[in-house]
Amino acid sequence: MGLPEGAYQALANALGAENICDDPAVTSGYSYMWLIYSTHAQSGRYRPAAVVLPRSTQDVQTIIKIANRYKFNYIPVGTNLLPPTIPARADTIIIDPKRMDSIVEIDTQNMFAVVEPYVTYAQLQAEAMKHGLTITIAEAGAQVSVVANNMFQGMGGTGHKFGYNRGVLGCDWVLPNGDLLHIGSRGNTNADWFWGDCAGMNLKGLLRADSGHCGGMGMVTRMAVKLFPYPGPQTFPVKGANPNFEVDFPKDRFKLNLIKFPDRKKLIEAMYEVGHAEIAAAVHEEPASMVLSGASPSVEYFWQKYPDFMKQWRNVLSVTLIGFSSARQIAYEQKVLDAIVKELGGSFIDEGSELWAIGQDNIGEQIRTGLSNRLFRIAGDFFVIGGFGFDSIDQSYKMSEDYMWPLIEQGQKKGHFVPDDTHNDWLNSYQLGHYSETEPLIYFEHDLDAGASFINSYAQTVVEAVKRRMCTTWPLGPMNYISGPTMCNYHELVLKIKKAVDPRLTSNPDYPVPQEPPKG
Amino acid sequence: MADTVLAKVDYLKPLEDKPYSQVVTDRQNFSSQQKACLEKLLGAEHVCTDPAALDALSRDKSHEEAGRPCCILKPENLEKLCALVKYANETSLPLTPLSSGTHTYGNALVRMGGAAIDLSGWKHIENIDHRNRSARVQPGVTYGQLQEALAKEQLRALFPLLPRRDQSVLTSNLEAQPKLIPEFNYSEPVYTMEIVMPTGDIFRTGTAALGPPELNKSDMVGPWGPGFDWNRLYTRSQGTLGIVTWMNIMAEPLPSRQKLFFTASESLQVLVDFTYRVQRKWLGYDCFILNRTALALMLAQSMPGDYERLKKRLPAYIQIFCIGGLRRFPDERIAWQEADFLETARECGLAPQPGISQAPRAAAFFEQNLLRCWDGELYWKDRLKGASSDIFFVTTMNRTSRFVEAMHQEAIKVSVPTDDMGIYVQPIENGRACHLEFMLPYDPVDRYDCSRMRNLHGSASRRMYGLGALFTRAYGAWAEMVASGSAVQFQTAKMVKDVLDPKNIMNLGKLGL
């Protein structure tokens, strides 16, 4: 079943025939995903009935109103990275914002930018850096949509200083009924975009939670995002050519430290101490597989190095200092960091060593993520067994050790996941260590068995978390029925509000929570 | 034609088909039955119908119309509070939660009948977690109480400017009162909270949702979710969506030493430009700007003599800036920040000083009071005339001068002396926004002065709104103003209210709902 009779023509009339397409050669491209099991089990099963290309907020409102009138579904996408953006039923159109790609405004004094959904982090950061500003870039890569990523998470390499889930300011949000809701300071026509919380009831609370609604609550067509001070050169300082390039930041303002600790507990202690000392801009535990894959110019290089590298690169904390104010700041923060490392028995990886040469890309990755695509080369597929759940640094560590790594080891025993005995995650500090998130990385082949092993293990992390009453992994769609009953039945409230703002359930209907729990 | 024509409406007949005396009796019976039920539910000693106490709650320090509760309820614990809210659902009894002794902006007035729930007695600090820099507090915990406890753990509470002694920490954070430190990473201090929903069910936000604190194995510092960003939705909701029974908030490292600087200027714009530059460098802790009136209200040892003398001598505006040293190398931390701060000042043609020559008390006063409540009998804002009518909102610092000019114009229109108007500019998140507050003193027992100030408050608020002021804390008439500005926002807010509070019992008439 495609679109109801007349719906395609209504869309074509509203947008122009050149901005809607149902040609299978085009729609097929929207039915496949890079990600794992769904790539095989669900991708390609349903092509969208059509793809529409709005140019403006008014166009998006029109599309959504037509969808409500004719009763078909729509999925708003950004740069189209995550599984929920592929259709799960036939009468679904994709709202692709390719033509909404403008940086509307950069307010350099009040440190924000206004962007449309197809603006990428790379675009925005390049413009912001010209004004001594930057933005924390998603680890998914600088090629992703700023709006979509902020709707989903807004995590990033410099989150220790720039925060998480704190970047969204004023928004234009087309609700699932087609009404335009102004979020934050947009609610006062004379107030500009600078503020994210609404006057009166703060409806920004519905925009997302720790993760987003995957298009299940309408579409944000313009968003103001926070920018942050950046004391570096106006152009991102990269040397060399792909695949061998590196960054070259001024040493008096940017300083990478790669620190080995005798065990993971000491590394965790160091993260707490760095947070309490209020130093540094980026603080991550860096797993061997991730560091090496980023630095590898080829797959062959990775596999040649990996067995030995995995033995050497253990319990490594990456700490990037940035002198936002002056070189004096770097000098002071380095002195504090030296003291912390000494107290905890850590040792700095020497600049000039082979380990340093492999790990030095870290600083560039934290400021502009450009190597995440290399994670896929190792085995074909890549993801994390758990993650996207936020609590303390201790909690991240405990989640990782108590049930995430045991699940990974089960997958390894089945031969589904690439061997890794480090028990090191990409474990991150956010907002000076106030929060943390951990992602144990896995790599696996692009086949059904390995994909199933992954998705089942991922879902199992939610089960294990609620069983232990610990912080949960991001419960995607139906997984909310696992976490909800243990967590104050939040899924029921979410569904009630979804039904209130989307009575015909046309906006990516199964998100944020499907109407019914999954069978079985 | 009939001899007599019956009236269509018998105006003498009571609406109920019974004698008026019976109506009065029924009401009295209902009230006593309701009281009996509440007493049974909460215990007689926790239900107050003392007319004097009810009268005291019927007005607050705002210009809002009076509203008298039918009773004041003081549930002892969470279980009884939940039972009370469920009873209120069954009987359609409106509830208005209160957390502190002084109510300032009308949000605690019982505007549409019903009971006030007084939680000021819930004064327990449930937990202090040094490692995760958090403190979990009940609604009645005050800043003085919290800071005393935190100091023992080498932590500090995030203070607003000289709060009242009875100011609830929980409400201050729930209402997003601006804090003195504009550090981005301190600016949203709520981690998690427990809410008794309007249905009487318990809900917890963030990782606190994983279970009651005694069972929860997280550290309850994950603020987002589950499902929606409830912390944001409930912030500034003024009790219209439920009753918060505890809140886990940030508690930051207590500086082992600190150094204060005062930078004076006759121009607000000059200090704004300087503050932008300092904040862009991510320097220091406390940072805010006061005009001479606000400063004199704080520093005067006697009123009005010393106040008037100070006001004549003080510069028009002062930026107050504090650098703190932490556990490791505190002097060196202060030294590099001081060097960068002074260098920035020089670039702006300014000369920060360790004190204010025209007010020698200032240095010691702020040294002692950045982490303290106002301890005078009369609150500092009220010292000149007995009361202060405040107008405050969020804007950007580059717009502040325009707002000040407009506010002066509005004051002049009603012959309010502009030099008695206090001004407070609090940068937020490294200066990318600010809280701008005007304090308009008036005599609360002078009817003419009250009326004049009420009119000025209304007209000036509308003028500020027209200039782009964002009344995020939409109290009283501000809520109507905000709601009338955006129909979609109002409708969506009402929809959310209907879902979460289906019997419409929580703090009726607030937020324009």
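In what follows, chains carry the letters A, B, and so on, assigned in the order in which the sequence lines appear, proteins first and then strands, with residues in each chain numbered from 1.
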Applying a strict 4.5 Å limit to non-hydrogen atoms, the region of B/Ala176 in contact with chain A is neither

Applying a strict 4.5 Å limit to non-hydrogen atoms, the region of B/Glu343 in contact with chain A is side chain

Using the six-membered ring of A/Phe194, assess whether NZ or CZ of B/Arg432 lies under 6.0 Å from its centre and within 45 degrees of the ring axis. no

Ring geometry between B/Trp282 and A/Phe324 (parallel below 30°, tilted from 30 to 60°, perpendicular above 60°): tilted

Judged by atom type as modelled, is there a donor-acceptor pair below 3.5 Å linking the side chain of B/Gln489 to the main-chain atoms of A/Ala199? yes

Kindly indicate whether a cation-pi arrangement holds for A/Lys161 with B/Phe184, taking the cut-offs as under 6.0 Å to the six-membered ring centre and within 45° of the axis. no

Determine the option with the most heavy-atom pairs under 4.5 angstrom with chain A, choosing from B/Tyr475, B/Tyr234, B/Trp230. B/Trp230

In terms of heavy-atom proximity below 4.5 Å to chain A, should B/Met197 be classed as side chain, backbone, both, or neither? side chain

In terms of the angle between their ring planes, are B/Phe228 and A/His213 parallel, tilted or perpendicular, with boundaries placed at 30° and 60°? perpendicular

Any donor-acceptor pair under 3.5 Å linking the side-chain atoms of A/Ser325 with those of B/Asp340? yes

Okay, B/Arg399 and chain A: the region with an atom under 4.5 Å from a heavy atom over there is side chain

Would you check if there is a donor-acceptor pair between the side chains of B/Ser486 and A/Arg186 at a distance under 3.5 Å? no

Pair A/Arg208 + B/Asp229, salt bridge at N-O below 4.0 Å: no

B/Arg232/A/Asp197 salt bridge by N-O under 4.0 Å criterion: yes

How long is the straight-line distance from CD of A/Gln329 back to NZ of B/Lys281, given to the nearest 0.5 Å? 10.0 Å

Is any side-chain N of the basic residue among A/Glu333 and B/Arg333 closer than 4.0 Å to the acidic one's carboxylate O? no

Show, in sequence, the C-alpha distance, side-chain angles and deciding distance for B/Tyr276 and A/Asn110, and conclude whether the side chain to side chain contact (heavy atoms under 4.5 Å, CB included) test is met. CA-CA 9 Å; B/Tyr276 266 121; A/Asn110 298 305; 2.5 Å; yes

Presence of salt bridge, A/Arg328 and B/Glu332, under 4.0 angstrom: no

Heavy-atom contact with chain A under 4.5 Å, split by part of B/Val496: side chain

Chain A: which of B/Thr472, B/Val278, B/Thr235 shares the most heavy-atom pairs with it under 4.5 Å? B/Thr472

Whether the B/Asn132 and A/Tyr272 side chains hold a donor-acceptor pair (N or O, under 3.5 Å, no angle test) is what I'd like checked. yes

So which part of B/Ile428 gets closer than 4.5 Å to some heavy atom of chain A, the side chain, the backbone, both or neither? side chain

Salt bridge or not between B/Arg327 and A/Glu278? Use side-chain N to carboxylate O under 4.0 Å. no

Using non-hydrogen atoms only, which part of B/Val221 is less than 4.5 Å away from chain A: side chain, backbone, both, or neither? both

Among B/Pro226, B/Pro223, B/Ser237, single out the residue with the greatest number of heavy-atom pairs under 4.5 Å to chain A. B/Pro226

The single option from A/Phe390, A/Tyr430, A/Tyr490 that satisfies ring-ring contact (aromatic ring centres under 6.0 Å, His included) with B/Trp224 is A/Phe390

Mind checking the OG-CZ spacing from A/Ser326 to B/Phe341? Nearest 0.5 Å is all I need. 14.0 Å

Residue from B/Ala483, B/Gly466, B/Gly211 scoring the most non-hydrogen pairs under 4.5 Å with chain A is B/Gly466

Looking only at the side chains, is there a donor atom on one of A/His434 and B/Glu252 sitting less than 3.5 Å from an acceptor on the other? yes

Where does B/Tyr186 contact chain A at under 4.5 Å (heavy atoms): side chain, backbone, both or neither? side chain

Rounded to the nearest 0.5 Å, what's the gap from CG on A/Asp402 to NZ on B/Lys217? Could you check? 11.5 Å

Is the closest side-chain donor-acceptor distance between A/Gln395 and B/Asp219 under 3.5 Å? no

When you check the side-chain N and O atoms of B/Tyr465 and A/Asn190, is any donor under 3.5 Å from an acceptor? no

Looking only at heavy atoms and a cut-off of under 4.5 Å, which of B/Val394, B/Val482, B/Asp498, B/Val499 has the most pairs with chain A? B/Val394

